[in-house]
Amino acid sequence: MAQTDDHTPKVRTRFPPSPTGALHLGGARTALFNWLFSRHHHGDFVLRLEDTDRQRSKEEHVRGILQAMEWLGLDYDEGPFFQSQRFERYCQAVEQLLQSGRAYWCHCSPEILEQKREQAMAAKAKPMYDGACREQGLGPAPGAVVRYKGPRSGNTVYNDLVKGPISFDNAELDDLVILRSDGSPTYHLAVVVDDIDMNISHVIRGDDHVNNTPRQILLYQALDAPLPLFAHVPMILGPDKTKLSKRHGATAVMDYRDLGYLPEAMLNALARLGWSHGDQEMFSRQELIDYFDLDAVGRSAAVFDQDKLLRMNQRYIQAAEASRLAELVRPFLAPRGVERPDPELLSACLPELTPRAKTLLELSEWAEPFLKEEPAMDPAAAQKFLGPAQAPVLERVLALVQELGSAPQAMEEAFQGLTQELGLKMKDVAQPVRVALMGRTFSPGIFEVMAILGPERIKARLKRALDLARE
RNA sequence: GGUCCCAUCGUCUAGUGGCCUAGGAUAUCGGCCUCUCACGCCGAAGACACGGGUUCGAACCCCGUUGGGACUGCCA
């Protein structure tokens, strides 16, 4: 960021996932904050894949991350860039540092280093590189690495946009490797070079990078580049307050899609983790953009609240357009044996189902008995509500439908008449009919169910139930 | 161990010295609604980690303690 200018330079943020796994909640939230910040300030958002670790980086993870970003609707203005394609530039930067005396070749073998580390630990000292090769003036050699030559005294201070001023004693920082023995750059070097080249103005990332920041600041300075602004957002924890991991169940963004969550619910829930806008809980995408800023980001780690997401998802399902829900629920219907749902039936039952479903998965469970020609019959329900005692009632209802059709108002009046005539409660009629029509003891209101199904389906299902009841 | 960060209901959080007998959300419990299940509505319970300061006054500022987390790699 050009700090010599009086006018505010353009905001440019980036999200740099490492393709060594799926996009998880923490990463998604970091991506979201970066995206929101850039959108709020009419800046740019850059996507960059940090795949300098050739062992662990996988093509499938790149695809997965891209897919998750798309699902969440986090679009980027530039990228995806791949660090693996920029090795030449990193080597150039290393060369520059070597030339200016800000870096040096180190011949220490990993074994020696490991030994020294253990000794230091045993002596309860800080396990730092001892700088054995620092003043040797060594050159390249097989197995050699390049280390950054850091200052041995002084302080490195920066003003974190969420945590405030943070200061480090340079003596605590050891000379980190910037070029591996196989010629590949390390994270610290690559991230700094990229952020310089890509003109990143704000580095918004996880809390776990706070300790990396001073060394990176030193690298910027060694490279004679202007500093970006840093903002470290707190971690996301599992219910046991430890760093979120696979032990905690669904942690990947796409897990939630497969569980039947809507992307807008996911986004809303993620945004509210560590960020707030007064007492408001529900935010549209546009509101998020309008209201988001770093000063409202909290400083303490947060546990991801699944229940709250679930509730939020339910609200978004209720608010969603029926036509979109019809599309979204299809992948959940197919495994239940409903490959081609009747479009009219589906759109008719959806409004009755949305207040009852917290996820698309649940929505498909509720929709199934409407959409199947012969819905599955719950044995326990049949046992209780479809016996000889109920047969007469079902017969009467069948006759009523034959005579009057299935319009809700007509049916309600007819049912009331029936209960009076037979001296029954409404539930004595409604429950058997419900089980007959839906195969289970729970469903939307019985008159709504009947209106949705229509006379023909009702008659067929009533007859089937009667066969069962008379046995 | 060292360095750095953090600390309000179970959880997410509002709160930036008086508006706080601490607000909202979620979860829990109770009630209403009712043909079942939900939704909705009403209500209950539930927190400023502890100890010192500063101040007329502290959840808010300072110091310490305790607790938690991150980093401490030729991972990112």
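Everything numeric here is computed off the predicted structure, so don't read it as measured data. To find a chain, count down the sequence lines: A is the first, B the second, and so on, and within it residues start at 1.
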Legend entry - Electrostatic pair A/Arg89-A/Asp194, nearest N-O below 4.0 angstrom: no
Inset, instruction - Kindly point out which of B/A38, B/C71, B/C74 is positioned nearest to the side chain of A/Asp208? - result: B/C71
Legend entry - A/Glu365 CD - B/A38 P separation (whole Å): 14 Å
Inset, instruction - Could you tell me whether the phosphate oxygens of B/U11, OP1 or OP2, come under 4.0 Å of any side-chain nitrogen or oxygen in A/Lys241? - result: yes
Legend entry - Residue A/Pro110, side-chain atoms from C-beta onward, closest of B/U13, B/C74, B/U11: B/C74
Inset, instruction - Rounded to whole angstrom, note down the C1' distance from B/C48 over to B/C61. - result: 16 Å
Inset, instruction - Under a 3.5 Å limit for both distances, which nucleotide forms a Watson-Crick or G-U wobble pair with B/C9, could you say? - result: none
Legend entry - A/Asn268: partners by side chain to side chain donor-acceptor pair (under 3.5 Å), with sequence neighbours left out: A/Tyr316
Legend entry - NZ-CG distance between A/Lys372 and A/Leu345, expressed to the nearest 0.5 angstrom: 14.0 Å
Legend entry - A/Asp51 versus A/Ser84, closest heavy-atom pair with distance: OD2-OG, 2.7 Å
Legend entry - Presence of A/Thr52 side-chain N/O under 4.0 Å of B/A76 phosphate oxygens OP1/OP2: yes
Legend entry - Shortest side-chain distance from A/Pro355, nucleotide among B/C39, B/C4, B/G73: B/C39
Inset, instruction - Go along nucleotides 15-22 of chain B 5' to 3' and tag each nucleotide: B for a protein heavy atom under 4.0 Å from its base, S when only backbone or sugar atoms are that close, - otherwise. - result: --------
Legend entry - Nucleic acid contacts of residues 430-448 of chain A, taken as heavy-atom distances under 4.0 Å to RNA chain B: A/Ala430, A/Gln431, A/Arg434, A/Thr441, A/Phe442, A/Ser443, A/Pro444, A/Gly445, A/Ile446, A/Phe447
Identify every side-chain donor-acceptor pair in residues 429-445 of chain A under 3.5 Å, counting partners at least two apart or on other chains, and give the distances.
from     : atom 1 : to       : atom 2 : distance (Å)
A/Gln431 : OE1    : A/Arg434 : NE     : 2.6
A/Gln431 : OE1    : A/Arg434 : NH2    : 3.4
A/Gln431 : NE2    : A/Thr441 : O      : 3.3
A/Arg434 : NH1    : A/Ser443 : OG     : 2.8
A/Arg434 : NH1    : A/Pro444 : O      : 2.9
A/Arg440 : NH1    : A/Glu365 : O      : 3.1
A/Arg440 : NH2    : A/Glu365 : O      : 3.1

Inset, instruction - Take the protein atom CG of A/Asn313 and the nucleotide atom P of B/C39, then report the distance between them rounded to whole Å. - result: 14 Å
Legend entry - Over 12 foreign heavy atoms within 6.0 Å of CD, A/Glu321: no
Legend entry - For A/Asp130, all residues meeting salt bridge (charged side-chain N to carboxylate O under 4.0 Å, His left out), sequence neighbours excluded: A/Lys116
Legend entry - Non-neighbouring partners of A/Arg102 that pass side chain to side chain donor-acceptor pair (under 3.5 Å), sequence neighbours left out: none
Legend entry - Nucleotide B/A76, atom P - distance to CG of A/Leu176 in whole Å: 11 Å
Inset, instruction - For nucleotides B/A59 and B/U21, find the distance between their P atoms and express it as a whole number of Å. - result: 9 Å
Inset, instruction - Identify, with sequence neighbours excluded, every residue that meets side chain to side chain donor-acceptor pair (under 3.5 Å) alongside A/Gln420. - result: none
Under 3.5 Å, sequence neighbours excluded: what are the donor-acceptor pairs made by side chains of residues 144-152 of chain A?
from     : atom 1 : to       : atom 2 : distance (Å)
A/Arg147 : NH1    : A/Asp175 : O      : 2.6
A/Lys149 : NZ     : A/Glu135 : OE1    : 3.4

Legend entry - By side chain to side chain donor-acceptor pair (under 3.5 Å) - contacts of A/Lys358 (at least two apart): none
Inset, instruction - Please determine if A/Glu264 and A/Arg285 form a salt bridge, counting it only when a charged side-chain N lies under 4.0 Å from a carboxylate O. - result: no
Inset, instruction - Assign each of A/Ser181 and A/Trp275 to its nearest nucleotide of RNA chain B by heavy atoms, then name whichever residue's nucleotide is nearer the 5' end. - result: A/Trp275
Inset, instruction - Using the P atoms only, state how far B/U13 lies from B/G51, rounded to an integer number of Å. - result: 26 Å
Inset, instruction - Kindly say whether, by distance alone, the side chain of A/Arg356 makes a donor-acceptor pair under 3.5 Å with the base of B/C37? - result: yes
Legend entry - Whole-angstrom distance between B/A22 and B/A45, as gauged at atom P: 11 Å
Legend entry - Exercise: do A/Asn170 and A/Thr156 side chains pair donor with acceptor under 3.5 Å: yes
Inset, instruction - Please confirm whether A/Phe447 and A/Phe415 have ring centers closer than 6.0 angstrom. - result: yes
Inset, instruction - Measure from CE on A/Met426 to C1' on B/U36 and round the result to the nearest Å. - result: 13 Å
Legend entry - Pairwise 5' ranking along RNA chain B for A/Gln318 and A/Gly143, keeping only the more 5' one: A/Gln318
Inset, instruction - Output the single nucleotide from B/C12, B/C74, B/A7 whose closest atom is nearest the side chain of A/Ser300. - result: B/A7
Inset, instruction - Would you indicate whether the side-chain heavy atoms of A/Trp275 and A/Arg29 approach each other to under 4.5 Å? - result: no
Legend entry - Partner nucleotide of B/A47 by Watson-Crick or wobble geometry (both distances under 3.5 Å): none
Please list each protein N or O that sits under 3.5 Å from an N or O in nucleotides 24-29 of chain B, with the distance.
from  : atom 1 : to       : atom 2 : distance (Å)
B/G24 : N2     : A/Glu281 : OE2    : 2.7
B/A25 : O4'    : A/Glu281 : OE2    : 3.3
B/A25 : N3     : A/Lys308 : NZ     : 3.2
B/U26 : OP1    : A/Arg311 : NH1    : 3.4
B/U26 : OP1    : A/Arg315 : NH1    : 3.3
B/U26 : OP1    : A/Arg315 : NH2    : 2.9

Legend entry - Rounded P spacing from B/A27 to B/U36 in Å: 22 Å
Legend entry - Atom-to-atom span, CD1 of A/Ile236 to P of B/G68 - whole angstrom: 22 Å
Inset, instruction - Using the C1' atom on both, measure B/U11 against B/G46 and round to a whole Å. - result: 12 Å
Legend entry - B/U54 to B/C60 separation - C1' atoms, rounded to the nearest Å: 13 Å
Inset, instruction - Under 4.0 Å from any atom of RNA chain B, heavy atoms only: list the residues of residues 155-170 of chain A that qualify, in numerical order. - result: A/Lys163, A/Ile166, A/Ser167, A/Phe168
Inset, instruction - Name the pairing partner of B/C4, where a pair is Watson-Crick or G-U wobble with both distances under 3.5 Å, or state none. - result: B/G69
Legend entry - side-chain contact (heavy atoms from CB on, under 4.5 Å) involving A/Ala31 - partner list, sequence neighbours excluded: A/Phe15, A/Met69, A/Leu74
Inset, instruction - Using the P atom as the reference point in each nucleotide, state the distance between B/C62 and B/U55 in Å, no decimals. - result: 16 Å
Inset, instruction - May I ask you to verify whether the side chain of A/Asp53 and the base of B/A76 hold a donor-acceptor pair under 3.5 Å? - result: no
Legend entry - Nucleotide forming a Watson-Crick or wobble pair with B/C56, both distances under 3.5 Å: B/G18
